[in-house]
Amino acid sequence: MTVLEMHLSNDLPCICSELQNKGIVFEGDFLVLDGNTCKSKTIAMTEIFSRETGLDIWYTFENPYFAFYDTDRFTEDDVKKKIRNKP
């Protein structure tokens, strides 16, 4: 288990469930999805989320949030619009 996987471990099942059910998670939705982790570990996080969910997970950034999403359900533009409309 990598350091990142240990960091995510408590919330990873919930994050994966959210990705499987809704197809998207935002920075801040879970305690471990903080800005520093998202900024420095995006590729590794997409690999973990993809492996754990069986989905094609990718990420995007639209100020002020990162988002991880299922590419079969959302386009990057869709996700950026959701970020802009996020309260």
Check whether the ring centres of Phe66 and Phe61 lie less than 6.0 Å apart, and answer yes or no. yes
Evaluate the side-chain proximity of Leu31 to Asn10: yes if any heavy-atom separation is below 4.5 Å, no if none is. no
Only pairs under 3.5 Å count here: list side-chain donor-acceptor contacts from residues 38-49, not counting sequence neighbours, and write none if there are none.
from	atom 1	to	atom 2	distance (Å)
Ser40	OG	Asn36	O	2.9
Thr46	OG1	Ile43	O	2.7

To the nearest 0.5 Å, tell me how far Asn85 CG sits from Glu62 CD. 10.0 Å
Are Glu27 and Phe68 side-chain neighbours, meaning at least one heavy-atom pair lies under 4.5 Å? no
So, applying side chain to side chain contact (heavy atoms under 4.5 Å, CB included) with Ile24, which one of Val79, Asp78, Asp29 is it? Val79
Residue Lys81 excluded, over 12 heavy atoms near NZ under 6.0 Å: no
Between atom CG of Leu33 and atom CZ of Phe26, what is the distance when rounded to the nearest 0.5 Å? 11.5 Å
Expected output: side-chain Ser17 to main-chain Cys14 donor-acceptor under 3.5 Å: no
Just to verify, what does Asp56 make a side-chain contact (heavy atoms from CB on, under 4.5 Å) with, not counting sequence neighbours? Thr71
Does some side-chain heavy atom of Thr60 sit less than 4.5 Å from a side-chain heavy atom of Lys80? yes
Do Ile15 and Val32 have side-chain heavy atoms sitting under 4.5 Å apart? yes
Of the non-hydrogen atoms in Asp11 and Phe30, which two are nearest, and what is the gap between them? OD2-CB, 3.8 Å
Only counting residues at least two apart or in another chain, list the ones meeting side-chain contact (heavy atoms from CB on, under 4.5 Å) with Thr53. Cys16, Leu19, Gln20, Leu55, Ile57
For Arg73 and Asn21, the nearest pair of non-hydrogen atoms, with its separation, is NH2-O, 2.9 Å
Only one of Trp58, Tyr59, Tyr69 passes side chain to side chain contact (heavy atoms under 4.5 Å, CB included) with Glu76, and that residue is Tyr69
